[in-house]
Each structure stands twice: as C-alpha cells, then as structure tokens.
Amino acid sequence: MSGRPRLIVDCDPGHDDALALVLADVRADLVGITTVGGNAPLIDVTRNALIVSQVYGIDAPVHVGSARPLVAEPRNALEIHGTHGLAGPVLPALERTVASDAAVEWIIETTRADEGIWLVPIGPMTNIAQVLRLAPDVADRIAGVSFMGGSGGVGNHGPVSEFNALVDPEALHVVLTSPIAEVRMAGLDLTHQFVVDDALERDLRAIGDVGGTFAADMIASYLEAMVGRSGRRQGGLHDPCAVLAVTDPDVITSTRRHVGVELRGELTRGMTVVDQRAGDRATNVAHGHTLDHAAARRIMLDAVAARADVTGGGS
Ligand code: BDR
Ligand code: CA
C-alpha cells in the first residue's frame with residue numbers, strides 16, 4: 001500500500017477529463033476508469049478514454065458505463081469538445097480495449113472488496129447514482145465522492161445550470177441525498193479559477209514530446225470553442241479540480257454547506273443551490289470555493305511533463 005489516495009475516475013472525455021485522468025494517474029493510485037455518456041455519446045467518450053490512456057501510459061482498466069441519464073434525454077457538449085469529444089490533437093490508432101461493459105457492477109464489486117477508495121465523477125452522475133441504488137452499502141465502503149459539477153453561481157449550459165448537473169440532475173440528487181460522509185464539490189465557481197488561456201497552451205507545448213503536444217492541441221481546440229461561445233480565449237479547467245480536491249487538498253479552500261439540485265424549474269433545472277447562509281442546517285457537501293491557481297497549474301504541468309514521452313501516441 002503506497003499511502004497515496006486510490007481513485008476511480010468516472011468520466012466523459014472531453015478535453016478537461018483527459019487532463020484529469022493524467023493528473024489522477026500521476027498523483028494517485030488510479031484503480032480504474034469508468035465512462036458515461038456526456039460530452040459526447042458513450043461510444044466516443046469510451047474510445048477517448050482508451051486513447052488518453054494509451055497516449056499517457058495509463059494502465060488502469062477502462063469499464064463502460066451508462067449511455068443515457070436516469071430520466072432525461074441524453075445531451076452532449078459537442079460544440080465545446082468537438083464532434084467526437086476530443087477535437088484538436090491527431091489521435092493515434094487505438095491499440096487498447098475495454099475491460100468490461102459493466103462499469104456500475106465493477107464499481108460495486110471493487111469498492112466492496114477494497115475499502116477506502118475515492119469515487120471521482122467528472123461527467124454526469126448517472127453511474128454513481130446507479131451504484132448507490134443497487135448497492136447502498138457502498139456509501140460506507142468508500143472514502144468519499146469528489147465531483148465536478150454544479151455551481152455556486154452562474155451556469156454554463158443555462159443561466160444557472162452547469163453541464164454535468166443539467167445532463168442528469170436526478171442522479172446528482174441521489175448522491176447529494178445519500179449518507180456518504182464526505183462529498184467534495186468542484187463547481188464552476190471554483191473551476192473557473194483554474195484559468196485556461198494562451199499561456200497554458202504555450203507552457204504545455206513547451207513540454208514537448210507526444211504528451212505535451214497532445215495536451216496543448218486539446219487546449220488550443222478548447223480555446224477556439226471558448227471564443228465561439230463567449231468571444232474570449234479563456235475558460236476553466238474544470239475536471240482536474242475534482243482530482244486535486246483529493247490528491248492535493250491544500251490548493252482548494254472549502255466550506256461545509258448544504259447543497260441541493262433543482263429538478264423541476266423551467267429556468268433552473270440542474271441548478272445546484274449552495275446554501276451560504278450561516279445557520280444550523282445540516283451540511284452535506286464540502287463546497288470548494290477558492291483555488292490556489294498558481295499551485296494547481298504547476299501540479300498540472302508537472303503531471304503532463306511526467307508522462308509526456310510515453311510512446312503510445314500517434315504522429
Ligand atoms: C463539465 O462539463 C463538461 O463539458 C466538462 O468535461 C466538465 O466535466 C463542465 O461544466
Ligand atoms: Ca467531464
């Protein structure tokens with residue numbers, strides 16, 4: 001046992017998911033990767049998870065999860081991450097294969113067999129909600145859940161709705177109302193402090209080798225999408241924040257709050273309501289609200305540099 005945290009990352013790569021996987025594998029023991037339909041359809045995000053694993057030499061097994069949310073119709077973010085979810089880099093020929101197409105069952109078996117694993121969902125919460133419904137005992141077996149989703153302020157796929165929360169709010173509700181003792185939230189109010197800009201692209205490109213170039217090409221594509229959306233070449237590096245909350249908790253300042261998710265509002269479905277009032281209401285979430293940006297950026301760059309010259313990439 002290494003003493004490092006053990007993580008299962010549940011993801012929908014996605015540019016920021018890809019960097020979160022690199023961070024997780026360098027800074028923690030990555031027990032496995034599970035996929036969920038989100039940024040792109042399930043078949044695409046699963047292929048992307050395999051490609052990212054190949055490019056950066058990540059050996060954790062990839063298990064395929066849910067194609068669609070619990071209740072809602074699926075929706076994607078192709079306008080941000082590209083038609084197949086990983087626009088920008090030249091993708092190598094795929095040499096890897098999935099370990100199973102039963103991610104939910106695999107999470108249940110793995111967390112029952114081995115206590116103290118963190119679940120780190122950085123896409124819609126569908127798989128995790130299914131785990132908790134099928135196996136409520138898992139709530140007591142895991143170290144906690146550290147998720148990217150929601151916002152303590154403005155949204156990105158609606159005035160107040162963040163993408164992951166909006167895609168499957170019913171699933172997020174299952175997690176927020178579960179008895180899991182430690183739930184850490186990296187919402188947009190935190191993740192927009194992890195600034196993606198030309199300087200980040202330049203520093204990734206300067207790392208060189210296959211991995212530095214792959215990451216820089218992802219960021220270049222993401223920045224183009226940000227220009228299309230807001231007119232500014234700037235965005236947030238969302239998903240690595242949920243990993244950092246476990247691997248490097250000192251870079252995030254959190255406050256325990258009550259957080260709920262809106263399931264019914266016409267304008268507010270998918271909104272996370274972070275109760276910031278003082279009072280005696282029971283808290284259920286450690287709401288990350290302040291990021292040490294310089295430290296987070298350094299850790300991310302070092303993680304990519306540590307894996308830049310793995311030879312699983314393409315041209
Ligand atoms: C979240 O939505 C996705 O597009 C990103 O990968 C991230 O998980 C940000 O709202
Ligand atoms: Ca994601």
Side-chain angles (χ1 to χ4, degrees), residues 7-24 33-42 44-49 51-52 62 65-66 69 72 74-88 103 119-128 145-169 171-172 175 184-196 215 218-219 221-226 228-230 234-245 261 269-272 288 291 300:
L7 314 184
I8 294 173
V9 175
D10 185 64
C11 60
D12 60 340
H15 299 128
D16 54 335
D17 300 78
L19 291 176
L21 288 172
V22 177
L23 191 61
I33 298 168
T34 52
T35 60
V36 62
N39 282 324
L42 184 64
D44 293 318
V45 299
T46 300
R47 182 210 53 182
N48 295 345
I51 284 176
V52 170
V62 175
S66 310
R75 62 163 85 201
N76 306 128
L78 304 180
E79 73 285 6
I80 305 295
H81 300 271
T83 312
H84 300 295
L86 209 58
L119 303 183
V120 183
I122 53 177
M125 199 65 93
T126 320
N127 289 335
I128 309 303
V145 169
S146 180
F147 74 98
M148 190 284 132
S151 174
V154 297
N156 60 358
H157 281 253
V160 290
S161 304
E162 180 278 332
F163 178 75
N164 292 337
L166 179 64
V167 171
D168 201 342
L172 180 55
V175 174
R184 298 181 184 174
M185 171 176 166
L188 295 176
D189 46 330
L190 179 79
T191 64
H192 274 136
Q193 296 171 47
F194 201 156
V195 175
V196 178
M218 286 195 295
I219 292 300
S221 174
Y222 181 71
L223 284 171
E224 280 304 310
M226 291 299 108
R229 161 171 282 194
S230 66
Q234 185 169 313
L237 195 59
H238 309 292
D239 292 339
C241 294
V243 176
L244 286 170
V261 58
R269 182 169 154 80
M271 174 186 188
T272 47
L291 181 76
M300 187 71 250

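As a basis for the values below, the full set of heavy atoms in this structure was taken, side chains included, without hydrogen atoms, waters or symmetry mates. We're numbering straight along the sequence, starting at 1. Read the numbers this way: they start at 1 and go in the same order the structure lists the ligands and their atoms.
Using a 30° and 60° split on the angle between ring planes, His238 and His192 fall in the perpendicular class, above 60°.
Using a distance-only test at 3.5 Å, with no hydrogens or angles considered, a donor-acceptor pair links the side chain of Asn39 to the main chain of Asp12. When atom types are taken as modelled, the side chain of Arg229 and the backbone of Asn156 share a donor-acceptor pair closer than 3.5 angstrom.
Only one option out of Leu23, Asp239, Thr34, Val120 pairs with Val9 in a side-chain contact (heavy atoms from CB on, under 4.5 Å); it is Val120.
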Below 3.5 Å only, please: the N or O atoms of ligand 1 paired with protein N or O atoms, distance on each line.
unit_1   : atom_1 : unit_2 : atom_2 : d
ligand 1 : 4 (O)  : Asn39  : OD1    : 2.6
ligand 1 : 4 (O)  : His81  : NE2    : 3.0
ligand 1 : 6 (O)  : Asp16  : OD1    : 2.6
ligand 1 : 6 (O)  : Asp16  : OD2    : 3.2
ligand 1 : 6 (O)  : Asp17  : OD1    : 3.0
ligand 1 : 6 (O)  : Asn39  : ND2    : 3.0
ligand 1 : 6 (O)  : Asp239 : OD2    : 3.1
ligand 1 : 8 (O)  : Ile122 : O      : 3.0
ligand 1 : 8 (O)  : Asn164 : ND2    : 3.0
ligand 1 : 8 (O)  : Asp239 : OD1    : 2.6
ligand 1 : 8 (O)  : Asp239 : OD2    : 3.1
ligand 1 : 10 (O) : Asn156 : ND2    : 2.8
ligand 1 : 10 (O) : Glu162 : OE2    : 2.5

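A search for ring-ring contact (aromatic ring centres under 6.0 Å, His included) contacts involving Tyr222 returns nothing, not counting sequence neighbours. Under the ring-ring contact (aromatic ring centres under 6.0 Å, His included) criterion, His84 pairs with no residue at all, not counting sequence neighbours.
In terms of heavy-atom proximity, Gly236 sits nearest to Val196 at C-CG2, 3.6 Å. Annotation for Thr46 and Thr35: closest pair OG1-OG1, 2.9 Å, computed over non-hydrogen atoms.
In this structure, Pro121 and Asn127 have side chains that are not in contact, with every pair of non-hydrogen atoms separated by 4.5 Å or more.
Counting only protein N, O or S atoms, the number found under 3.0 Å from the Ca ion (ligand 2) is 5.
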